[in-house]
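Order of appearance sets the numbers: ligands from 1, and atoms from 1 within every ligand.
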Amino acid sequence: MRIMRAAYASRFDADNPLAALTVGDRPEPAHPDDDWVTVQVRASSLNHHDLWSLRGVGLADGQLPMILGCDAVGTDPDGNEVVVYPVLPTPGDPRGVSILSEHYQGTLAERVAVPRMNLLPLPTGLSATDAACLPTAWLTAWRMLTTRGRVADGESVLVQGAGGGVATAAVALGVALGKRVYATSRDAGKRERIAALGATAVEPGARLPERVDVVIETIGAATFDHSLKSAAPLARIVVAGATSGHLPAVNLRRVFAMQLEILGTSMGTPDELTELLAFCAEHEVRPLVDSVVPFSRVADAFARLHSGDVFGKVVVDHTA
Ligand SMILES: NC(=O)c1ccc[n+]([C@@H]2O[C@H](COP(=O)([O-])OP(=O)(O)OC[C@H]3O[C@@H](n4cnc5c(N)ncnc54)[C@H](OP(=O)(O)O)[C@@H]3O)[C@@H](O)[C@H]2O)c1
């Protein structure tokens with residue numbers, strides 16, 4: 001049996017997810033069907049999802065060991081440079097789909113197997129390390145702003161917890177789409193970097209100069225009341241995550257009086273990823289990269305994400 005190097009969850013640790021990470025040998029990825037292909041991974045990136053998996057959120061004991069990682073750019077069997085779309089039809093999952101590293105082995109390995117239809121061409125002008133940031137965090141932010149948030153001309157956006165992967169994507173894309181973007185961050189240094197991207201950066205909970213039309217929520221309990229208070233009449237509060245807790249108190253008077261929409265969202269469609277890749281290539285929008293770590297030091301990449309100090313994406317270079 002062929003083996004390959006991989007970073008995987010060997011067990012769960014709710015308090016110290018880094019302790020549940022193993023870097024070692026795993027079997028070559030299997031093909032559940034004839035239309036599956038193996039991609040040689042050149043670059044991947046980490047998401048908070050990988051830390052949730054190590055904590056045991058969204059994975060069960062029977063699914064271990066599970067190779068982590070949702071994002072990959074690599075080379076297909078015909079030698080084409082491809083971006084992997086990480087959402088797969090998954091009968092039996094209540095969502096009808098799953099993300100790589102949930103039911104099927106993930107991308108933090110030498111190779112990953114996916115259905116051929118999940119491969120998109122890497123656009124000219126985008127590096128493998130930049131494109132590896134897009135399929136999860138940036139796709140989520142793109143759908144939050146566009147399909148779900150329906151952000152229109154002249155409208156404004158608030159992004160909570162702006163240092164994160166999804167949040168920096170929402171700030172950069174919101175600015176590139178020509179919107180007025182406000183962003184909160186707990187860290188003064190991150191606020192400066194957000195301001196340099198063209199957004200107005202404020203402390204968590206601060207009163208904004210105006211009420212906003214779209215709120216990008218991935219933080220949850222720590223920020224949700226501020227999201228409600230900052231929303232203009234008929235605003236859309238789009239929720240893709242709840243890093244600080246998923247059970248916030250929700251002031252329903254504000255929801256009905258201001259006629260707010262609270263919308264859940266998850267990842268995006270292949271068409272939305274194609275649009276996003278083209279948008280980034282054409283408008284020269286590039287992901288905010290916190291750090292690029294060689295695969296030989298992938299455990300350091302996890303420690304960096306876990307520290308909470310990140311600004312943008314932690315990328316893994318599989319060629320180094
Ligand atoms: N539904 C989906 O399709 C989807 C896709 C991607 C991500 N997500 C979810 O979205 C969330 C963000 O993911 P990510 O990969 O962008 O995470 P990440 O890069 O790890 O985000 C880190 C950021 O979260 C903020 N944060 C963390 N704890 C906080 C707290 N207690 N209070 C306020 N802010 C806090 C920080 O912002 P500051 O330091 O700037 O304050 C930090 O920079 C995760 O929960 C993830 O599971 C969902």
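Leu54 pairs with exactly one of Leu68, Asp13, Leu59 by the side chain to side chain contact (heavy atoms under 4.5 Å, CB included) rule, that one being Leu68. For the side chain to side chain donor-acceptor pair (under 3.5 Å) criterion with Lys313, the lone passing option out of Thr168, Asp290, Asn47 is Asn47.
Inter-residue side-chain proximity for Val171 and Leu197 is flagged as met; some heavy-atom pair is nearer than 4.5 Å. Using a 4.5 Å heavy-atom cutoff, the side chains of Phe224 and Ile219 are not in contact. Two residues are said to be in side-chain contact when any heavy atoms from C-beta on lie closer than 4.5 Å; Leu120 and Val82 fail this criterion. The shortest side-chain heavy-atom distance between His226 and Leu158 falls under the 4.5 Å cut-off. Contact annotation: the side chain of Asp317 never approaches that of Phe295 to less than 4.5 Å [non-hydrogen atoms, C-beta and beyond]. In this structure, Leu119 and Asn80 have side chains that are not in contact, with every pair of non-hydrogen atoms separated by 4.5 Å or more.
Closest approach of Ile237 and Ser227 over heavy atoms only: CD1-O, 3.9 Å.
Of all atoms in ligand 1, numbered sequentially from 1 with element shown, those under 4.0 Å from a heavy atom of Gly164 are 16 (O), 18 (P), 19 (O), 21 (O), 22 (C), 23 (C), 43 (O). Each of the following atoms of ligand 1 lies closer than 4.0 Å to a heavy atom of Ala242: 45 (O). Here is the list of ligand 1 atoms found below 4.0 Å of a heavy atom in Gly241: 9 (C), 10 (O). Near Leu305, the atoms of ligand 1 lying under 4.0 angstrom from a non-hydrogen atom of the residue are 20 (O).
The shortest N or O to N or O distance between Thr243 and ligand 1 is below 3.5 Å. For ligand 1, the polar-atom distance check finds an N/O of Gly163 within less than 3.5 Å of one of the ligand's N/O atoms. Between Asn47 and ligand 1, no pair of N/O atoms sits closer than 3.5 Å. On a distance-only criterion, Thr223 and ligand 1 share no N/O pair closer than 3.5 Å. Below 3.5 Å of separation, one finds no N or O of Asp187 facing any N or O of ligand 1. Looking at Gly165 next to ligand 1, an N or O pair under 3.5 Å apart turns up. Residue contacts with ligand 1: Gly312 is placed with no nitrogen or oxygen under 3.5 Å of a nitrogen or oxygen of the ligand (distance criterion only).
Heavy atoms of Ile219 found under 4.0 angstrom from ligand 1 belong exclusively to the side chain. Counting heavy atoms closer than 4.0 Å to ligand 1, residue Ala137 contributes nothing at all. Proximity of Trp52 to ligand 1, defined as any heavy-atom pair under 4.0 Å, is confined to the side chain (atoms from C-beta onward). Only backbone heavy atoms of Thr265 (N, CA, C or O) come within less than 4.0 Å of ligand 1; its side chain stays farther off. By the criterion of a heavy-atom distance under 4.0 Å, the side chain of Ala222, and not its backbone, is placed next to ligand 1.
A donor-acceptor pair shorter than 3.5 Å can be found between the side chains of Asp71 and Thr136. Of the N and O atoms on the side chains of Thr147 and Glu272, at least one donor lies less than 3.5 Å from an acceptor on the other residue. No hydrogens or angles considered: nothing links the side chains of Gln40 and His318 as a donor-acceptor pair under 3.5 Å. Side chains of His31 and Thr38: a donor on one and an acceptor on the other come within 3.5 Å. Using modelled atom types, one finds no donor on one side chain facing an acceptor on the other under 3.5 Å when comparing Glu81 with Thr75.
Of the protein's non-hydrogen atoms, the one nearest atom 40 (O) of ligand 1 is Ser185 OG, 2.6 Å. Among all non-hydrogen protein atoms, the one lying nearest atom 48 (C) of ligand 1 is Ala240 O, 2.7 Å. Nearest to atom 5 (C) of ligand 1 among the protein's heavy atoms is Thr140 OG1, 3.1 Å. Nearest non-hydrogen protein atom to atom 3 (O) of ligand 1 is Met267 N, 2.6 Å. Distance from atom 30 (C) of ligand 1 to its nearest protein heavy atom, with residue and atom name: Arg186 NH1, 3.3 Å. Summary of contacts: the protein heavy atom closest to atom 17 (O) of ligand 1 is His48 CB, 3.3 Å. Protein heavy atom at the shortest distance from atom 31 (N) of ligand 1 is Ser244 CB, 3.4 Å. Among protein heavy atoms, the minimum distance from atom 16 (O) of ligand 1 is reached at Val166 N, 2.8 Å.
Closest heavy-atom approach to atom 43 (O) of ligand 1 among the candidates Lys313, Lys190, Arg193: Lys190.
Judged by a 6.0 Å distance limit and a 45° cone about the ring axis, Arg26 is positioned over the six-membered ring of Tyr8.
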